[in-house]
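One structure below.
All residue numbers refer to positions in the sequence shown, counting from 1. All values reported here derive from a predicted model rather than from experimental measurement. When a ligand or atom number is given, it counts from 1 through the structure's own listing order.
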Amino acid sequence: MFIMSEDSQRTQGRDAQSSNIMAGKAVAEAVRTTLGPRGMDKMLVDSGGEVVITNDGATILNEMDIEHPAAQMIVEVSESQEEEVGDGTTTAAVIAGNLLGEAEDLIEQDVHATTIVEGYHEASEIALEAIAEQVNEADVDDDILKQVGESSMTGKGTGGLTAESLAETVVEAIRHVETDDGVARDNVAVHTQIGASSNATELVPGIVIDEEPAHSSMPREVEDASIAVLDVELGVRTGDIDAEYAIDSIDQLNTAIDAEESEVRGYAEAVAESGADVVFTTEDVDDRVSSYLAGEGILVFENIGNSDARDIVSATGARRVGALEDLEEADFGAADRIRAENYGDDDLAFVEGGAAAETVTVFVRGGTEHVVDELERAIGDALDVVATALASGEVVPGAGATEIAIADKIREEAAGIEGRKQLAVTAFADAIDIVPRTLAANTGQDPIDALVDLRAAHESEGRAGLITTGEDVTIDDPFEHGVVDPADVKREAIESATEAATMIVRIDDIIAAE
Ligand code: ADP
Ligand code: MG
């Protein structure tokens with residue numbers, strides 16, 4: 001009896017399991033070589049020829065346009081990792097893929113899917129306990145925060161800037177937005193400016209937008225600014241110009257021109273009289289209005305984007321006004337300084353100080369488009385991990401040390417677990433080994449030798465990671481070398497990888513409509 005359309009495809013039993021597992025593994029395999037300080041980059045070219053060069057797991061998987069539904073679930077692991085904690089996206093995908101690989105072996109040994117799922121869940125609980133045991137005892141101070149930021153950027157394409165100097169700026173930015181209620185991560189923006197001239201990072205106490213003054217003779221800097229943010233066209237509305245006038249004498253023409261002139265002057269005077277020194281409007285400003293306002297010493301930015309308008313409003317406390325006659329002093333926002341700066345072909349407006357300084361912008365100059373794009377991602381990750389570490393006050397050793405400790409604890413506890421579930425618990429530990437193994441492989445070491453040495457060092461010293469410093473690779477305590485990751489990044493990776501892998505393993509019937 002057929003209950004489905006003849007066109008739909010159905011794969012069942014082991015075939016379904018192994019097809020899903022293979023797809024999931026393939027995704028993890030795709031990002032494996034980018035893991036760690038010596039991870040390589042990928043160049044992704046889309047059908048339109050757009051090129052993205054990146055080392056970031058989430059970005060790679062996102063750009064890869066993956067269709068297979070099980071593979072898509074691994075992509076989601078890295079997406080949720082990015083959303084929740086901002087880093088560890090490659091780690092999470094690689095662990096998920098290896099959990100699937102280990103599950104495949106178990107299925108071949110006739111371990112039932114539900115036993116695998118139970119074992120994996122139990123092992124992930126042990127993993128979380130192991131992470132808790134690895135958490136630092138010392139308070140998370142600025143030094144540790146810098147190490148967290150630097151560890152997340154080591155080996156990333158940061159152009160001519162060192163991870164160390166960037167980490168310093170990142171920590172300063174996060175400290176700036178720390179409040180009694182936590183860390184207002186959203187109040188930190190990143191603005192990168194392409195330009196070969198110099199590599200420099202600066203923390204702007206406020207926001208930076210891509211705009212230039214509406215008129216060349218306007219002031220380029222205004223102190224103690226009263227800021228109006230308008231959604232008003234300052235000029236004769238385009239609609240009016242299209243209207244037809246029946247003009248049949250010079251007098252009538254002159255009258256029409258005078259009427260327009262006085263309308264335009266009216267706008268200019270209304271703005272000037274309002275008392276604003278700086279005006280941002282999302283609409284056009286007539287040249288005659290700009291020229292008049294320039295004469296009055298007022299700085300105007302026209303046609304600003306909606307999101308820029310929103311940023312200015314939230315930074316300066318201004319209220320957006322939709323009609324000039326409604327504009328009053330209470331609508332003004334404030335900033336200590338607004339300045340227009342020119343960088344080669346680009347003009348930027350800086351809104352700084354006063355109320356605006358509640359937000360900060362990491363302003364980075366240098367490099368080409370591809371460099372600044374990757375730099376922006378690296379700084380974004382660093383801001384996220386520093387915010388995460390500061391919020392929870394918990395960091396763990398990086399460089400594979402935490403994973404070695406997790407696998408060790410799981411193997412220890414597996415001994416007390418009865419039946420076939422023990423196999424699944426042990427398999428989970430084997431899957432976690434992928435992190436130190438991959439770090440070793442990506443630094444040109446033999447993964448098996450490295451794993452054996454790391455386990456031995458963990459046994460005798462307690463904390464052992466595969467530390468990469470410049471050209472050297474050594475086994476040592478990562479805390480001693482400032483290689484640290486937020487505990488939450490590790491937790492999230494374990495949880496989201498377990499969730500996706502167990503979900504995929506449980507599927508034994510794939511029904512696909514044509
Ligand atoms: P992810 O997308 O998972 O964050 P990364 O490519 O950023 O992947 O690599 C993160 C891993 O690199 C973490 O396990 C981190 O501890 C490790 N790591 C960072 N710096 C070093 C270092 N100097 N030596 C060894 N490992 C490092
Ligand atoms: Mg990272």
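Looking at heavy atoms from C-beta onward, R10 lies out of side-chain contact with I510 at the 4.5 angstrom threshold.
Using cut-offs of 30° and 60° on the angle between ring planes, the pair F428 and Y120 is perpendicular. The aromatic rings of H191 and F363 sit tilted relative to each other, their planes meeting at an angle between 30° and 60°.
Under the 3.5 Å distance criterion, with hydrogens and angles disregarded, a donor-acceptor pair is assigned to the side chains of D346 and Q193. Remark: the R38 side chain and the T468 side chain contain no N/O donor-acceptor pair separated by less than 3.5 Å.
Every atom of ligand 1 with a heavy atom of G36 under 4.0 Å away is listed here by number and element: 5 (P), 6 (O), 9 (O), 12 (O). For ligand 1, the atoms lying closer than 4.0 Å to a non-hydrogen atom of D87 are 4 (O). Taking every heavy atom of S151 and a limit of under 4.0 angstrom, the matching atoms of ligand 1 come to 19 (C), 20 (N). If you number the atoms of ligand 1 from 1 as listed, the ones under 4.0 Å from a heavy atom of G398 come out as 16 (O). Every atom of ligand 1 with a heavy atom of T90 under 4.0 Å away is listed here by number and element: 1 (P), 2 (O), 3 (O), 8 (O). Near T91, the atoms of ligand 1 lying under 4.0 angstrom from a non-hydrogen atom of the residue are 1 (P), 3 (O). Against a heavy-atom cut-off of under 4.0 Å, T34 is close to the following atoms of ligand 1: 6 (O).
Annotation for D345: atom CG does not count as buried by contact number, only 12 or fewer foreign heavy atoms lying within 6.0 Å. Dense packing is recorded around CD of E376, with more than 12 heavy atoms of other residues, nucleotides or ligands lying under 6.0 Å away. With a 6.0 Å radius and a threshold of 12 heavy atoms from other residues, nucleotides or ligands, E76 has its CD atom above the threshold.
Within D87, the N, O or S atom at minimum distance from the Mg ion (ligand 2) carries the name OD1.
Using a 4.0 Å heavy-atom cutoff, G57 is absent from the residues neighbouring ligand 1.
When hydrogens are left out, the protein atom nearest atom 7 (O) of ligand 1 is K156 NZ, 3.0 Å; that is the closest non-hydrogen contact. Nearest to atom 25 (C) of ligand 1 among the protein's heavy atoms is L466 O, 3.1 Å. For atom 27 (C) of ligand 1, the nearest protein heavy atom (residue, atom name, distance) is P37 CD, 3.5 Å. Closest to atom 23 (N) of ligand 1 among all protein heavy atoms lies T468 O, 3.0 Å.
Both the backbone and the side chain of L35 come within contact range of ligand 1, each with a heavy atom under 4.0 Å. Under 4.0 Å from ligand 1, not a single heavy atom of V489 appears. Counting heavy atoms closer than 4.0 Å to ligand 1, residue D485 contributes side-chain atoms (C-beta onward) but none from N, CA, C or O. Of all the heavy atoms of K490, the ones lying under 4.0 Å from any atom of ligand 1 belong exclusively to the side chain. Under 4.0 angstrom from ligand 1, there are no non-hydrogen atoms of T469.
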Hey, mind stepping through E461 and R463 against salt bridge (Lys or Arg N to Asp or Glu O under 4.0 Å) and telling me if it holds?
CA-CA 6 Å; E461 315 287 333; R463 270 193 301 263; over 6 Å; no
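For the pair T359 and A315, the tightest heavy-atom approach, listed with the atom from each and the gap, is OG1-CB, 3.9 Å. Shown here for L383 and I174, the closest heavy-atom pair between the two residues is O-CD1, 3.6 Å. In terms of heavy-atom proximity, A127 sits nearest to I406 at CB-CG2, 3.5 Å.
For the pair V483 and ligand 1, the shortest N or O to N or O distance does not fall below 3.5 Å. The shortest N or O to N or O distance between T89 and ligand 1 is under 3.5 Å. The shortest N or O to N or O distance between A399 and ligand 1 is under 3.5 Å.
Partner of V94 under the side-chain contact (heavy atoms from CB on, under 4.5 Å) criterion, chosen from V31, L99, V77, T34: V31.
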